[in-house]
Amino acid sequence: MSHLSPADVGARVTVRHRLVDGAATDVVGDLEAADADELAIRTRTGELVRVTTSGVVAAKVIGPSL
């Protein structure tokens, strides 16, 4: 369940999501895209991480990195 929407694109976010094996992991970065099926988050290293919204455990907008 994602509480992020297209209105949040451009914001810094943190997303906890489930991996295929059921483990949970976090990704932090700038939200580049959001729709009903997927979030796209650009990490500090430049990696684009795509997360299916059905696997999202928690998500929120956070402040900019210092």
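The figures here come from the full heavy-atom set of this structure, side chains too, leaving out hydrogens, waters and symmetry mates.
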Minimal heavy-atom distance between Thr43 and Val27, with the atoms involved, is CG2-CG2, 3.8 Å
Distance col, row Ile41:CD1 vs Glu47:CD, nearest 0.5 angstrom, shows 10.5 Å
When every non-hydrogen atom of Asp35 is compared with those of Thr53, the smallest separation belongs to O-CG2, 3.7 Å
d(Leu48 CG, Asp30 CG) to nearest 0.5 Å is 11.0 Å
Exercise. Test side-chain contact (heavy atoms from CB on, under 4.5 Å) on Leu39 and Leu31 and set out the steps.
Key: CA-CA 7 Å; Leu39 303 173; Leu31 186 63; 4.2 Å; yes
Rounding to 0.5 Å, atoms CZ (Arg42) and CZ (Arg12) come to a distance of 13.0 Å
d(His17 NE2, Thr52 OG1) to nearest 0.5 Å is 8.5 Å
In Leu4, Asp26, Val57, the residue satisfying side-chain contact (heavy atoms from CB on, under 4.5 Å) with Val15 is Leu4
Nearest heavy-atom approach of Val9 to Ala34 is CG2-N, 4.0 Å
- prompt: Do the side chains of Val56 and Val61 join up, straight or via other hydrophobic residues, at under 4.5 Å, putting them in one cluster?
  reply: yes
In terms of heavy-atom contacts, Ala59 and His3 come closest through O-CB, 4.2 Å
Rounding to 0.5 Å, atoms NZ (Lys60) and OG1 (Thr14) come to a distance of 7.5 Å
